[in-house]
Structures are given as structure tokens and as C-alpha cells.
Amino acid sequence: MRTARGKDMTTPAITGTGVYTPKEIITNDELVAAFNTYAEGFNAENAGAIAAGKVAAKELSSSEFIVNASGIKQRYVMDRSGVLDPDVMHPILRARDDAEPAIMAEMALAAANRALAASGRDPADVDLVICAASNHERAYPAIAIEIQKLLGAGGFAFDMNVACSSATFGIQAAADMVRAGSARCALIVNPEICSAHLEWRDRDCHFIFGDVCTATIVEPAGVAKGAHFVIRSTRCATQFSNNIRNNNGYLRRTRPGQMQDRRDMQFMQEGRKVFKEVLPLVSKHIARHLDQEGVTADQLKRLWLHQANKSMNDFIGRKVLGRVPSPDEQPNILQDYANTSSAGSIIAFSKYCDDLIPGDTGLICSFGAGYSVGSVLVERA
Ligand code: COA
């Protein structure tokens with residue numbers, strides 16, 4: 001649809017992105033030192049039971065393993081003091097009064113203001129807020145509605161959760177609404193406090209996650225004020241799997257014996273199975289999406305992938321392009337941020353998109369729990 005002035009009002013475009021990065025960093029060496037002190041303390045405390053074969057001894061972690069297995073060198077977190085205290089081993093975040101902004105809303109505001117500045121929009125222009133993340137700090141009212149109020153945005157707002165694919169699924173929802181005319185200026189925010197659902201006492205996964213918030217503005221291409229990326233198309237797919245799971249939920253207290261500190265109330269995964277099953281799923285998903293759009297691998301200037309694991313990204317890049325991608329074709333940010341769930345591919349996009357020139361095509365792709373895969377094919381306008 002075009003307006004009287006000939007503006008394209010139905011092609012959605014990404015007109016701005018923003019990233020809020022927490023101030024605190026934990027390096028692999030710091031993480032491993034805290035974990036190993038905890039593990040040695042646990043083993044000393046349980047020496048009798050370990051010797052009797054009743055309790056398994058905790059094995060030590062190593063920075064070398066972490067960087068080789070994942071490519072992660074450090075992570076940003078909302079609180080490092082609790083995570084690095086062997087007697088605590090989780091972040092400590094101040095309790096907030098109901099009259100204060102939610103912590104996710106506060107992170108979202110910081111990222112949103114950057115995205116709005118990039119798109120040349122005022123908060124009052126926003127008429128749709130989607131808070132798309134792996135966890136929400138309360139059941140209701142929606143965090144997105146609080147963000148809408150704090151920003152001074154209009155329209156409507158809602159929360160959604162598709163774990164690691166929340167951002168791309170959120171972009172598809174917003175793009176579809178822009179196409180249909182039910183939204184004119186959509187803000188998708190992805191506040192991910194992964195440190196709060198990570199089991200820092202488990203060496204198999206304690207290195208995986210970090211915290212961040214990303215924001216994306218989606219508007220009709222015809223009203224974009226500056227450089228922007230037209231959303232040529234989106235594809236979302238899901239396939240049920242228990243291999244990444246978190247059993248925390250509102251029915252917890254209704255189930256006898258489920259109020260105690262239990263491993264399954266945090267992030268759990270069968271890492272090897274995820275690796276094996278998700279890689280073919282994602283490679284085929286991207287190949288099909290590109291094929292349906294008539295885009296060949298050679299025409300793809302950039303791949304902004306989900307940021308969980310360097311080997312996974314290397315594999316997908318090779319499959320999609322049919323050769324080893326150069327670092328600037330498939331930028332990774334996971335070495336600095338670790339896995340930030342839904343925000344990872346958007347951080348990569350936000351940091352590595354400015355050099356593309358009009359006509360250049362790229363693909364944002366996220367994948368993870370569910371399983372879920374979301375891809376967004378964009379073209380620099
Ligand atoms: N330090 C030292 N050794 C460790 C360790 C640590 N922190 N964690 C695990 N190990 C050991 C294991 O005990 C195992 O020892 P074993 O061979 O004697 O049994 C060995 O290292 C290999 O462990 P494994 O878990 O099989 O490692 P991996 O090479 O599969 O890498 C992941 C682990 C998590 C990095 C990898 O499976 C992965 O990236 N999976 C993709 C899923 C993902 O990232 N999901 C995130 C949510 S989307």
C-alpha cells in the first residue's frame with residue numbers, strides 16, 4: 001500500500017537498534033576460580049558421603065576447556081559479587097518496591113532510547129512494544145506495558161517468550177503488524193538476565209550465559225528517516241524438545257516437595273544432543289528461507305547468527321555459504337558477551353551492519369530452546 005505521497009507503508013523495515021550492556025564483567029579465569037573454590041568446599045564438606053559413594057564429587061572447571069568448547073572469553077552480568085562468591089553462586093539483585101521500575105524495564109529503556117535515537121524517533125511515536133525474552137521477572141502486568149508507560153509510548157504492548165528465538169519471533173510479529181497496518185512504529189526489546197536462570201554450581205554450563213538488553217525499531221520503509229534495512233521476509237519454526245528446559249513455573253508450590261532448591265528450576269540442557277539436533281534444523285531452515293526468496297549463498301553479504309557457541313556458528317556458516325565464512329561475513333560477539341539468549345543475533349546485527357551498502361542482503365537467525373528457529377532476511381535500503 002502506498003500513501004497519496006507515494007510512500008511505501010506496508011514493507012516493514014528495521015530503522016534502528018540499540019544495545020544496553022551491563023557494566024560488570026566476569027572473565028573465564030574469575031569464573032573458574034570461584035567455581036573451583038565452591039567445588040573444593042563442597043567436596044570437603046561431603047568427604048564422608050563421597051568416600052562412601054553416596055554423593056558424586058564435584059569436578060573442577062577450567063578456562064581452557066571453556067574457551068575451546070564454546071569460544072566464550074568473558075560475560076557481562078547485572079551482578080558479579082554474588083556469582084563470584086563461592087557461598088552464594090548466583091547474582092544478588094536488590095528487591096524493588098512495586099512503585100519502582102522493574103529491572104527488565106530499566107534495561108529495556110536504556111536499549112530502547114538508543115534504538116529510538118538511531119531511527120530518529122521519539123518515544124511518543126511508538127505504538128507497539130513487545131518485550132520478547134527468555135524469562136519475565138513477574139507474571140503480570142506485562143513488563144512491556146510498564147516499558148510503554150515509562151517511555152511515554154502509545155498504542156499497546158505485550159510480553160512474549162520463545163526462549164533464544166524471542167527476538168526474531170518478536171520481529172516477525174511486529175513486521176506482520178506493520179504490514180497489516182495495526183502498528184506503525186514497533187519497539188521490540190529483549191532484556192535477558194540470563195545470569196539469574198543459570199546454575200553457576202554446574203561446571204557443564206556455568207560458563208554459558210551473560211546479561212544484556214537489545215532493542216529494535218520496526219516501521220514501514222516509507223517513513224524511515226535514515227539508513228535502514230527493509231525486512232524482505234521472516235520465517236519462524238518450532239519443534240518440541242526437552243533438551244533445553246527449565247521447570248520453574250507458577251505451579252511449583254502446588255506440587256508436594258517442589259519448593260526446595262532443585263537443579264531443574266534453572267537452565268538445563270543436554271548440550272551434545274542440542275548440538276547434533278539443532279545444527280541440521282537451522283542449516284535446513286536457512287537454506288529453505290533463502291531458496292524461497294531466490295537468494296543464493298553468494299548474494300548473502302552477512303549472517304548475524306545466534307550467539308551460543310563458536311563451533312555451532314562455524315558449522316552453520318560453512319553449511320549456508322558452502323565455504324568457510326570470513327569473520328566479517330559472520331561476525332561473532334559471543335567471545336565478549338557469552339550466550340545472551342534472544343539478544344545475541346541482535347547484538348551482532350547492531351554492531352556489524354553499518355558498513356553494508358544499498359542492495360546488500362543479510363540474514364539474522366536465532367535458534368534454541370523449544371526447539372525454535374527464527375530468520376529475518378534484510379536488505380540495506
Ligand atoms: N571444565 C572442564 N571440563 C569440563 C567442563 C568444564 N567447565 N564442563 C564439562 N567438562 C568435561 C565434561 O565433563 C566431559 O568430560 P568427559 O569427556 O570426561 O565426560 C568433557 O568435558 C566434554 O563435555 P561435554 O559437555 O560433552 O562438552 P562439549 O564439547 O559438548 O561442550 C557445550 C559443551 C555446552 C559447550 C556444547 O555441548 C554446546 O555448545 N552445546 C550447544 C548447546 C548450547 O550452547 N545451548 C545453549 C542454549 S541455546
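The figures here come from the full heavy-atom set of this structure, side chains too, leaving out hydrogens, waters and symmetry mates. For ligands, and for the atoms within them, numbers begin at 1 and follow the listed sequence.
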To the nearest 0.1 Å, how far is atom 1 (N) of ligand 1 from its closest protein heavy atom, and which atom is that?
S62 N, 3.2 Å
Is there side-chain contact between V376 and L363, with at least one heavy-atom pair below 4.5 Å?
no
May I ask you to check whether F367 has an N/O atom sitting below 3.5 Å from an N/O atom of ligand 1?
no
Taking atom 39 (O) of ligand 1 as the reference point, report whether a protein heavy atom occurs under 4.0 Å from it.
yes
Mind checking side chain to side chain donor-acceptor pair (under 3.5 Å) for T37 and listing every partner two or more places apart, or none if nothing turns up?
none
Is there a protein heavy atom less than 4.0 Å away from atom 33 (C) of ligand 1?
no
Please enumerate all residues that pass ring-ring contact (aromatic ring centres under 6.0 Å, His included) together with H90, with sequence neighbours excluded.
none
Counting non-hydrogen protein atoms only, what is the nearest one to atom 23 (O) of ligand 1? Give residue, atom name and distance.
F65 CZ, 4.1 Å
Who's the nearest protein heavy-atom neighbour of atom 47 (C) of ligand 1, and how far?
N339 ND2, 3.7 Å
Taking atom 42 (C) of ligand 1 as the reference point, the nearest protein heavy atom with its distance
Q269 OE1, 3.2 Å
Looking at atom 30 (O) of ligand 1, what's its closest protein heavy atom, distance included?
R272 NE, 2.6 Å
Note: ligand 1 atoms sitting under 4.0 Å from heavy atoms of A308 are 44 (O)
Using a strict 4.0 Å threshold on nitrogen-to-oxygen distance, state whether D314 and R318 make a salt bridge.
no
Tell me whether D127 contacts the main-chain N or O of C185 through its side chain, where contact means a donor paired with an acceptor under 3.5 Å.
yes
Give the residue and atom name of whichever protein heavy atom lies nearest to atom 9 (C) of ligand 1, and the separation in Å to one decimal.
D204 OD1, 3.2 Å
Without hydrogens or angle criteria, can the side chains of T296 and D298 be said to hold a donor-acceptor pair below 3.5 Å?
no
Nearest non-hydrogen partners of P191 and A108, listed with the distance
CG-CB, 4.4 Å
The atoms of ligand 1 lying under 4.0 Å from a heavy atom of C164, numbered in the order shown, are 48 (S)
Ignoring hydrogens and geometry, is there a side-chain-to-backbone donor-acceptor pair from E293 to L377 under 3.5 Å?
no
Nearest to atom 3 (N) of ligand 1, what protein heavy atom do you find, and at what distance?
R203 NH1, 3.2 Å
For the residue pair F275 and F315, is the inter-centroid distance of their aromatic rings smaller than 6.0 Å?
no
Would you confirm whether any non-hydrogen atom of the protein falls under 4.0 Å from atom 18 (O) of ligand 1?
no
Using a 4.0 Å cut-off to any heavy atom of N309, which atoms of ligand 1 qualify?
35 (C), 38 (C), 39 (O)
Atoms of ligand 1 close to V274 [distance to a heavy atom under 4.0 angstrom, numbered from 1]
42 (C)
Take Q269 and R245 through the side chain to side chain donor-acceptor pair (under 3.5 Å) test and state the conclusion after the steps.
CA-CA 6 Å; Q269 78 162 347; R245 191 170 169 118; over 6 Å; no
Closer than 4.0 Å and a protein heavy atom, does any atom meet both conditions relative to atom 14 (C) of ligand 1?
no
Show the atoms of ligand 1 that are less than 4.0 angstrom away from any heavy atom in G271.
37 (O), 40 (N), 41 (C)
Considering both backbone and side-chain atoms of S61, is one of its nitrogen or oxygen atoms within less than 3.5 Å of a nitrogen or oxygen in ligand 1?
yes
Nearest protein heavy-atom contact for atom 31 (O) of ligand 1: which residue, which atom, what distance?
A69 CB, 3.8 Å
So E277 and R272, salt bridge (charged side-chain N to carboxylate O under 4.0 Å, His left out) or not? Walk me through it.
CA-CA 9 Å; E277 293 173 8; R272 283 281 162 109; over 6 Å; no
Indicate yes or no: at least one non-hydrogen side-chain atom of Q330 is less than 4.5 angstrom from one of L321.
no
